[in-house]
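Input: a single structure, listed below in structure tokens.
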Amino acid sequence: MAFLEIKKYPNPILRKKAQEVKEMTPEIKRLAFDMAETMKKNKGAGLAAPQVGELQRIIAVQTNEGAKIFINPEILKKSKETQINEEGCLSAPGLFFKIKRSKEVEVKALDENGSEINISASGLLATVFQHEIDHLNGVLFIDHLALPKKIWEIIKYRFKK
Ligand code: ZN
């Protein structure tokens, strides 16, 4: 087991699109397992593979039943009804924004054994799935902010260090 280094914004890898996992190799399983451990250690609600420098479609999500791995996750359905939750991101420590997203999502994925799973998520869990699946497409939570607020927040973030 290994804890993985989390890439921080504005690392360019966070803007790349992750590739579909074609085969459940021991390397993929190990990466998924290490991602779950890394997420837990950092007390994250979720973690996507690009955040640890791997362009693979894998996310770890903290569910009611503990940390779970979702491989090649896809949103099948999104509710029209939205909700606003405060989001943070392990790749942007200290930044928290209220972001509007669908209130419910249906997600299809593979588990760590390659079996197909379907999950319906609502509330905070629905937000986490949308946030993590965004990462697989190079999309960050700040992209959901209105432009003036986004510019202002990025300026503050860059000068904080
Ligand atoms: Zn994130």
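Between His144 and Lys98 the shortest side-chain heavy-atom distance does not fall below 4.5 Å. Between Ile117 and Lys108, the closest side-chain pair of non-hydrogen atoms is not below 4.5 Å. Side-chain contact between Phe70 and Ile58 is absent, with no heavy-atom pair separated by less than 4.5 Å. The shortest side-chain heavy-atom distance between Leu47 and Ile6 falls under the 4.5 Å cut-off. Within the 4.5 Å cutoff, the side chain of Ile142 has heavy atoms near those of the Phe97 side chain. Side-chain contact between Lys29 and Asn113 is present, with at least one heavy-atom pair separated by less than 4.5 Å. Taking the side chain as every heavy atom from C-beta outward, Glu116 and Leu110 approach each other to under 4.5 Å.
Between Ala67 and Met39, the shortest heavy-atom contact is CB-CE, 3.6 Å. Nearest heavy-atom pair across Leu90 and Lys8 is O-CE, 3.5 Å.
Within the 3.5 Å criterion, the main-chain N or O of Gly123 finds a donor-acceptor partner in the side chain of Gln83. Judged by distance alone, with hydrogens and angles left aside, the side-chain atoms of Glu37 form no donor-acceptor pair with the main-chain N or O of Phe33 at under 3.5 Å. Counting only distance, with no hydrogens or angles, the side chain of Asn137 and the backbone of Val139 share no donor-acceptor pair below 3.5 Å. With hydrogens and angles ignored, the 3.5 Å screen pairs a side-chain donor or acceptor of Asn42 with a backbone N or O of Thr38.
Here the CD atom belonging to Glu87 is positioned 7.5 Å from the CZ atom belonging to Phe141, to the nearest 0.5 angstrom. Note that CG of Leu14 is 7.5 Å distant from SG of Cys89, once rounded to the nearest 0.5 Å. Glu54 contributes atom CD, which lies 10.5 Å from atom CD of Glu27 (distance to the nearest 0.5 angstrom). Atom CZ of Arg57 is separated from atom NZ of Lys22 by 11.0 Å, given to the nearest 0.5 angstrom.
Counting heavy atoms of neighbouring residues, nucleotides and ligands inside a 6.0 Å radius, atom CZ of Arg30 does not exceed 12 of them.
Salt-bridge check for Arg15 with Asp143: passed, with a basic side-chain N closer than 4.0 Å to an acidic carboxylate O.
Sorted by first and then second residue, the pairs that involve residues 64-81 and meet side-chain hydrogen bond (donor to acceptor under 3.5 Å, both in side chains), not counting sequence neighbours, are Glu65-Lys68, Glu81-Lys103.
In this structure, a donor-acceptor pair under 3.5 Å is absent between the side chains of Ser120 and Glu106.
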